[in-house]
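Since the structure comes first, as structure tokens, the remarks are kept for the end.
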Amino acid sequence: MKFGIIKERKSPPDRRAVFSPETCKKLLAKYEEAQLVVEPSPLRAFTDAEYKDAGIEVADAMEECDVLLGVKEVPIQSLIPNKKYIFFSHTIKKQPYNRALLQAILAKNIELYDHEVFTGDKGQRLVAFGKYAGIVGAYNGIRAYGLKFDLYQLPKAETLKDQKELIEALNSIDLPNIKILLTGRGRVGNGAEEMLKAMQLKKVNATDFLSKEFNQPVYCQIDASKYNKRTDGKLGSRLDFFENPTEYKSNFFRFARVTDLYIAGHFYDEDAPYLYTRDDVAKDDFNIKVVADISCDIDGPIATTIRASTIEDPIYGYDPKTGAEVDFKDPNAIAVMAVDNLPCELPRDATEGFGKAFLKNIIPAFFNGDQEGILERARMTKDGKLTQRYAYLQDYVEPVISSQ
């Protein structure tokens with residue numbers, strides 16, 4: 001089995017990889033029958049020299065590999081026919097902008113596996129960058145707060161080497177006595193909390209957060225059961241909410257009245273109620289001044305997120321009365337940080353963490369006959385057709401199917 005680490009070609013550039021040099025070494029040491037080649041890249045966070053120094057072959061030899069591993073979508077013109085590819089295809093929700101990509105994958109007889117659908121037998125995700133989105137998102141949110149009110153200047157996350165340097169920067173500032181709300185307890189939410197803990201901020205429960213004032217900055221982490229309630233008045237629960245989202249309505253506004261900085265790290269289901277609407281934001285007692293929307297669902301559950309922002313220009317303003325985009329420093333504006341590719345700002349750490357999970361959870365399936373069905377569940381295409389599990393995408397790719 002010969003694996004190839006492909007060069008990321010999507011624009012804007014992504015500096016992450018599936019494996020760091022160290023993880024490559026571990027893979028080859030553990031599986032004697034494995035071979036691995038890294039495609040040269042001038043942009044990758046780990047340089048070609050670092051891979052070579054680790055004893056890893058660096059060469060333009062992807063055609064010789066059995067399985068090609070990448071992070072972001074591969075441009076259509078760069079796809080090598082008749083290969084196995086693994087990357088985030090962003091097609092499983094019928095995303096219109098990647099329809100042609102999946103059509104090309106079928107036409108080129110490519111066997112596609114998507115990182116997003118590598119799951120265990122209970123449906124749990126096995127590899128993800130969510131933790132690093134949370135880490136950078138929390139940092140960017142606190143940075144945005146300082147810029148909004150001219151309180152302090154933090155460097156951009158992308159200019160710092162790793163999480164340790166991000167934490168050192170955060171610990172160099174004096175945060176005022178603000179209330180920070182964090183939604184989500186998954187990878188993203190817990191990654192964000194790592195940063196708040198590293199700042200030694202006081203954590204308070206929802207009751208105290210809603211009712212008390214503090215003489216120091218505090219944060220509260222809540223899950224869906226705290227910001228949603230059943231429409232029939234019965235007692236709800238987190239599990240019940242995920243199973244029956246249409247039977248709930250938002251109970252978020254009580255938090256919006258007392259929150260200064262809101263970090264959104266929750267998972268959102270399209271059948272779930274919005275956390276807050278544009279009408280909510282327009283109310284005089286809506287208190288949130290800065291939103292770090294890590295989840296970044298456009299025109300969705302976080303009404304102030306009207307577009308994704310970029311690493312280059314990460315913050316924009318939302319006018320609560322008109323719903324229009326304005327300068328985030330406008331006194332009436334809510335500052336919004338909604339970068340949708342946050343792990344790219346911490347590429348070395350993100351690559352290390354992702355690679356460890358991929359080596360532990362996915363690579364064994366290539367050498368044990370996929371005894372747990374991990375590869376089978378993630379295989380979207382085979383022999384120029386959609387696999388049965390992804391047959392729901394048939395109408396999405398129909399033009400290429402019908403033309404064959």
Report task. Mind checking salt bridge (Lys or Arg N to Asp or Glu O under 4.0 Å) for E64 and listing every partner two or more places apart, or none if nothing turns up? Result -> K2

Report summary line: Which of I302, L261, I263 passes side-chain contact (heavy atoms from CB on, under 4.5 Å) with V291? Answer is I302

Query raised in the report: With under 30° as parallel and over 60° as perpendicular, where do the rings of Y145 and F149 fit, or are they tilted in between?
Result: tilted

Requested in this report: Could you tell me whether K321 and D284 have a side-chain N and a carboxylate O separated by less than 4.0 Å?
Outcome: yes

Report task. Considering only NZ, NE, NH1 and NH2 on the basic side and carboxylate oxygens on the acidic side, decide whether E193 and K203 come within less than 4.0 Å. Result -> yes

Query raised in the report: With no hydrogens and no angle check, is any side-chain donor or acceptor of K229 less than 3.5 Å from a backbone partner on G236?
Result: no

Query raised in the report: Below 6.0 angstrom between ring centroids: does that apply to F3 and Y31?
Result: no

Requested in this report: Using the ring pair (Phe, Tyr, Trp, His ring centres under 6.0 Å) rule, pick out the option among Y274, F286, Y262 that qualifies with F252.
Outcome: Y262

Query - Sequence neighbours excluded - ring-ring contact (aromatic ring centres under 6.0 Å, His included) pairs with any residue from residues 198-235 - result: none

Query raised in the report: Does Y318 offer a backbone N or O that forms a donor-acceptor pair with the side chain of T304 under 3.5 Å?
Result: no

Query - Those residues that, when tested against E352, pass salt bridge (Lys or Arg N to Asp or Glu O under 4.0 Å) (two or more places apart) - result: none

**Report entry** Within 6.0 Å of NZ in K94, more than 12 heavy atoms from elsewhere
**Finding:** yes

Query raised in the report: Less than 4.0 Å between a side-chain N and a carboxylate O, is that true for K131 and E194?
Result: yes

Query raised in the report: Just wondering, more than 12 heavy atoms not from K289 lying within 6.0 Å of its NZ?
Result: yes

Query raised in the report: Please, which pairs that meet ring-ring contact (aromatic ring centres under 6.0 Å, His included) have at least one residue in residues 330-355, sequence neighbours excluded?
Result: H115-F354, F129-F354

Report task. State, with a plain yes or no, whether a side-chain heavy atom of R389 is found less than 4.5 Å away from one of R377. Result -> yes

Report task. Sequence neighbours left out, what passes salt bridge (Lys or Arg N to Asp or Glu O under 4.0 Å) with K72? Give chain and number order. Result -> D14

Report summary line: When I80, I76, V74 are each screened for side-chain contact (heavy atoms from CB on, under 4.5 Å) with S78, the one that passes is V74

Without placing hydrogens or testing angles, list every side-chain donor-acceptor pair under 3.5 Å for residues 356-363, not counting sequence neighbours.
unit_1, atom_1, unit_2, atom_2, d
N361, ND2, L126, O, 3.1
N361, ND2, A357, O, 3.3

Requested in this report: Could you tell me whether the side chains of N98 and T91 share a donor-acceptor contact shorter than 3.5 Å?
Outcome: no

Query raised in the report: Taking it one step at a time, do T351 and R348 satisfy side-chain contact (heavy atoms from CB on, under 4.5 Å)?
Result: CA-CA 5 Å; T351 296; R348 292 178 71 93; 5.9 Å; no

Query raised in the report: Between D208 and K179, is the closest basic N to carboxylate O distance under 4.0 Å?
Result: no

Query - Stacked cation flag R379 on Y113, 6.0 angstrom / 45 deg - result: no

